[in-house]
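Report on one structure; see the data block that follows.
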Amino acid sequence: QVQLVESGGGSAQAGGSLRLSCAASGFTFSSFSMGWFRQAPGKEREFVARIHSSGRLPYYADSVKGRFTISRDNAKNAVYLQMNSLKPQDTAVYYCRRVFLGTTNVFAQDYWGQGTQVTVSS
């Protein structure tokens, strides 16, 4: 059973930083691309960042490019999102998911977990 557990969220001032973590289990982590997504109150869930199974080829939404960095540690079955220069509009619940190679499409059979709340104040 695929399990993805996000952590590391919290509150930050605008301009600050947070680092999110996602612990994965129930599948061969090193074989899959992983992505981060977020959902702000009253808005649709949106793609944030993606990383290839090899740890290369990061890809970002325009809204976070240059501020966020996605990385992974296949030995620890974990994916990370370093968020710098945070803005109030980054406030959202953040989720990690497996994604199909080269896309932002998630595996439908995986569940959205509880995510981790990020709140950025101005």
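Take K65 and apply the salt bridge (Lys or Arg N to Asp or Glu O under 4.0 Å) test, not counting sequence neighbours, and it matches D62. Applying the side chain to side chain contact (heavy atoms under 4.5 Å, CB included) criterion to L57, with sequence neighbours excluded, gives H52. Listed by chain and number, the residues in a ring-ring contact (aromatic ring centres under 6.0 Å, His included) with F100 are F107 (sequence neighbours excluded). For Y94, there are no ring-ring contact (aromatic ring centres under 6.0 Å, His included) partners at least two apart in sequence or on another chain. Residues passing the side-chain hydrogen bond (donor to acceptor under 3.5 Å, both in side chains) test with R72, sequence neighbours excluded: N74.
Atom CG of L81 is separated from atom CE of M34 by 12.0 Å, given to the nearest 0.5 angstrom. Atom-to-atom distance recorded for T104:OG1 and E46:CD is 11.0 Å, nearest 0.5 angstrom. Separation of atoms CD (Q82) and CD1 (I70) is listed at 12.5 Å; rounding is to 0.5 Å.
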Less than 3.5 Å apart, which donor and acceptor atoms pair up between the side chains of residues 7-31 and the rest of the protein, not counting sequence neighbours?
unit_1 : atom_1 : unit_2 : atom_2 : d
S17    : OG     : N84    : OD1    : 2.9

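Residue pairs satisfying the side chain to side chain donor-acceptor pair (under 3.5 Å) criterion with at least one member in residues 112-122, sequence neighbours excluded, are listed as follows: Q117-T119. Among pairs with a residue in residues 81-96, those fulfilling salt bridge (Lys or Arg N to Asp or Glu O under 4.0 Å) read R38-D90, R67-D90, at least two apart in sequence or across chains. Here ring-ring contact (aromatic ring centres under 6.0 Å, His included) pairs that include residues 58-83, with residues two or more places apart or in two chains, are F47-Y59. Annotation: salt bridge (Lys or Arg N to Asp or Glu O under 4.0 Å) contacts involving residues 100-117, sequence neighbours excluded, comprise R98-D110.
Members clustered with L101: none, using a 4.5 Å side-chain heavy-atom cutoff among hydrophobic residues. Cluster partners of V5: none. The rule joins Ile, Leu, Val, Met, Phe, Trp and Tyr whenever side-chain heavy atoms lie under 4.5 Å apart, and it links nothing here.
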**Request:** Test C96 against W36 for side-chain contact (heavy atoms from CB on, under 4.5 Å), laying out the working first.
**Result:** CA-CA 4 Å; C96 67; W36 283 96; 4.1 Å; yes
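Atom CD of Q109 has more than 12 neighbouring heavy atoms from other residues, nucleotides or ligands inside a 6.0 Å radius.
A cation-pi geometry, defined here as NZ or CZ lying under 6.0 Å from the six-membered ring centre and within 45° of its normal, does not hold between R97 and F37.
Hydrophobic clustering, with ILVMFWY side chains joined whenever heavy atoms are under 4.5 angstrom apart, keeps L4 apart from V93. In this structure, V118 is not a member of the same hydrophobic cluster as Y95, with clusters built from ILVMFWY side-chain heavy atoms closer than 4.5 Å.
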